[in-house]
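Structure first, then comments.
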Amino acid sequence: MSEERSLKKQKVSDESTAEIVAEAAEEALRLHPHPQVDDTLVHHDNGEFAKFKRHQTTAYDAESLENNTINPFTGNEFSNQYFKILKGRRDLPVHAQRNEFLKVFQSTQIMVFVGETGSGKTTQIPQFVLFDDLPHLTGSQVACTQPRRVAAMSVAARVADELDVELGQEVGYSIRFENKTSNKTILKYMTDGMLLREAMEDHDLKRYSVIILDEAHERTLATDILMGLLKQVSIRRPDLKIIIMSATLDAEKFQKYFNDAPLLAVPGRTHPVEIYYTPEFQRDYLDAAIRTVLQIHATEDEGDILLFLTGEEEIEDACRKISLECDELIREQDCGPVDVYPLYGSLPPHQQQKIFNPAPQKLRPNGRPGRKIIISTNIAETSLTIDGIVYVVDPGFSKQKVYNPRIRVESLLVSPISKASAQQRAGRAGRTRPGKCFRLYTEEAFKKELIEQSYPEILRSNLASTVLELKKLGIDDLVHFDFMDPPAPETMMRALEELNYLQCLSDEGDLTALGRLSSQFPLDPMLAVMLIGSPAFNCSEEILSIVSLISVPSVFVRPASARKRADECKMQFAHPDGDHVTLLNVYEQFQSDDALQIGLHQWCRDNFLSYRSLTTAKSVRSQLRRIMEKFDLELNSTSREDDIRKALAAGFFMQVAKKKSGSKGYLTIKDNQEVLIHPSTVLAKDPEWVIYNEFVLTSKNYIRTVTAVNPEWLVELAPKYYNLEHFNKGDVKLSLERVIDSVETKKRVEDSKDKKKSKKKA
DNA sequence: GAGCACTGC
């Protein structure tokens with residue numbers, strides 16, 4: 001073995017991992033100080049815009065070019081399809097206000113644009129901008145952000161058609177795992193997270209002349225950070241124009257935040273929806289929901305029904321009950337036939353597609369019409385739109401993420417929705433014709449108890465990644481950063497503390513080399529640090545797999561009809577060390593020739609594994625691996641499970657629990673939370689010390705995805721964290737004291753041995 | 001002896 005390698009090995013015993021990792025990070029960044037973002041943009045001048053003066057054009061100017069026979073952006077002749085689409089575009093509500101839009105756009109740096117659903121804002125406004133900003137003449141780009149990948153892709157495809165260009169050329173999109181743009185691209189649809197990543201390398205977003213933040217009212221974490229950033233960038237870059245696009249309710253807040261930016265509002269195009277409230281409070285919303293759906297089916301005219309519930313189990317249960325009851329209605333009251341479909345995120349795509357099936361045909365020529373009933377989570381509120389819905393049933397609840405900074409736990413809680421959500425849900429009934437929305441709460445409750453807006457994500461999340469991102473964005477003073485809604489100080493403190501223990505931030509709160517390197521990975525900082533540290537334990541290939549698997553939805557599938565068989569299948573992959581290595585086994589067999597021969601889909605079905613999660617994990621893994629290669633982080637592999645467990649301990653040292661003496665449960669280190677190991681674990685007996693991937697608050701406090709570790713590793717790998725002065729008195733502290741004592745004794749013995757050896761040599 | 005709302009890099 002090379003000298004270099006043995007030197008690294010030596011280091012493992014002498015230094016804490018944090019130090020090794022920090023050194024590796026310094027080295028990697030010394031070699032690659034500025035990661036390349038993209039290729040250079042080209043200028044394009046077909047002469048078609050010769051008469052245009054940038055930021056002084058009118059709707060008339062633009063429309064005459066649009067009506068021409070030559071595509072001003074490509075120089076090619078327009079297709080027939082182009083003119084067909086153009087006709088439709090001219091009917092959109094935004095079109096009537098094109099001039100008004102241009103005047104505001106030209107007169108100001110930042111504007112707020114309010115457009116309801118169906119106004120055409122997402123497809124048209126960026127095009128209005130193109131004809132006035134003329135990015136192709138200045139070698140710049142117009143960006144339009146979306147909270148979701150599918151939206152970015154499908155809108156880009158639509159706009160490419162509208163402009164009669166090839167997708168990926170003048171109009172493109174950029175999302176994780178796929179960049180469909182070229183150096184000709186002048187309009188780029190992208191996810192908000194993607195723009196944020198670009199900002200981390202180019203703080204002034206210099207390649208863009210206009211940035212449009214669409215769906216800003218959704219207040220995703222990325223949108224919120226981008227808004228704060230853009231507010232600063234706008235001062236440094238007076239030439240940059242910014243458009244915030246949102247639904248009505250929030251408009252004033254956005255205006256105010258952006259120093260009273262002008263606002264333009266365009267009506268939407270939807271049909272009226274009549275709202276009905278229950279006269280009194282409904283104790284059992286599930287029961288009330290089912291009764292309402294049945295009543296609609298028995299008494300209302302033709303039209304499909306959409307019922308909002310909170311989660312998979314509730315939805316499947318309601319589907320069964322409604323199907324049964326409807327059968328009875330058909331038999332006894334001669335009602336029309338129904339198809340009941342569940343809809344939630346973890347449903348396989350081919351099942352999700354079923355919601356677009358046509359409603360069932362009437363049973364006989366003069367019978368009553370058939371109806372489609374869709375029972376859905378919040379996914380149908382924003383991500384998926386279903387035409388043909390006429391009746392919406394809204395019990396007023398959804399599962400929402402909440403963060404408790406005191407115990408550092410994110411969890412899902414069934415909570416009342418906001419007024420904005422309720423309005424959005426009701427709107428789903430009016431997409432094709434006038435509809436009705438049945439709210440299963442009183443009008444009084446709607447007015448007095450529902451909050452106006454759901455809390456933005458930034459107030460409900462662990463902010464470790466966010467703080468690291470902000471630091472990487474060059475924002476040093478987080479305390480005075482102008483958030484639209486500032487997070488709780490305690491949440492910020494927790495994030496800073498965590499990043500400091502991970503050595504991503506120095507004691508002064510400055511970004512360290514390790515912090516800069518960690519921010520390159522699209523991962524939770526803890527996982528990024530673990531990955532960066534893993535080559536020192538000779539197992540970066542293994543940790544790559546494990547990290548990828550824990551950053552995607554669970555790979556284990558457990559259908560209600562075959563729980564036992566699914567559990568048995570899982571046990572075939574079980575590893576005595578714990579759940580992390582079990583995940584690794586799954587991945588390695590997924591990649592094996594055997595699985596390939598059987599066919600990956602079939603193999604996954606046979607083994608009760610999620611094909612979708614495993615393929616996503618594979619994409620994540622290759623993305624992470626590319627970043628490792630880019631920074632020359634060693635890719636190596638081990639045959640010793642202890643190496644893997646040590647590498648895990650080096651990352652998860654803040655998520656440790658110790659078995660309680662005498663009783664069944666565990667106590668988390670430092671916070672002394674009483675927890676149980678989740679029953680899904682493969683661990684047969686309870687180890688004294690475990691690291692865990694997540695803390696889940698459901699019927700009880702559980703820790704999920706756990707691996708047994710040796711406590712001596714922990715105190716050696718993360719001495720700063722295991723400085724016991726910061727621990728509360730108790731069993732855990734006593735045990736740790738003993739561990740530290742024994743580690744120190746061992747060290748002294750070894751030191752004296754070493755001394756004797758060197759004396760002998762001398 | 002349980003349950004993953006939904007996104008995103």
[X] side chain N/O closer than 4.0 Å to the phosphate oxygens (OP1, OP2) of [N]?
X	N	value
A:R704	B:dC4	yes
A:K664	B:dG1	yes
A:T377	B:dC6	yes
A:K399	B:dC4	no
A:S680	B:dG1	no

Rounding to an integer number of Å, can you tell me how far [X] [atom1] sits from [N] [atom2]?
X	N	atom1	atom2	result
A:F521	B:dG8	CZ	C1'	18 Å
A:D214	B:dG8	CG	P	15 Å
A:E457	B:dA5	CD	P	16 Å
A:Q146	B:dG8	CD	P	11 Å
A:D224	B:dC9	CG	C1'	16 Å
A:M190	B:dC9	CE	C1'	11 Å
A:M571	B:dG1	CE	C1'	13 Å
A:Q520	B:dC9	CD	P	16 Å

Checklist entry - 5'-most contact on DNA chain B: A:E469 or A:V696, nearest heavy atom basis? => result A:V696
Using a heavy-atom cut-off of under 4.0 Å over every strand shown, decide if [X] touches base, sugar-phosphate, or nothing.
X	answer
A:Q400	nothing
A:K401	base
A:I175	sugar-phosphate
A:P147	sugar-phosphate

Checklist entry - With distance as the sole criterion, do the side chain of A:R563 and the base of B:dA2 form a donor-acceptor contact below 3.5 Å? => result no
[X] has a side chain; which of [options] sits nearest to it?
X	options	result
A:E312	B:dC9, B:dA2, B:dC4	B:dC4
A:S554	B:dC4, B:dG1, B:dC9	B:dC4
A:P522	B:dC9, B:dA2, B:dC4	B:dC9
A:P679	B:dA2, B:dC4, B:dC9	B:dA2
A:I379	B:dC9, B:dT7, B:dA2	B:dT7
A:D567	B:dG1, B:dC9, B:dC4	B:dG1
A:R148	B:dC4, B:dG8, B:dG1	B:dG8

With a 3.5 Å distance limit and no angle check, can you tell me whether [X] reaches the backbone of [Y] through a side-chain donor-acceptor pair?
X	Y	answer
A:R494	A:P405	yes
A:E410	A:N462	yes
A:E457	A:L221	yes
A:R148	A:S383	no

Next on the checklist: Just checking A:K618: does its NZ atom have more than 12 heavy atoms from other residues, nucleotides or ligands closer to it than 6.0 angstrom?
Outcome noted: no
Item to check | Results of side chain to side chain contact (heavy atoms under 4.5 Å, CB included) for A:S454 - residues two or more places apart only | outcome: A:S418, A:S421
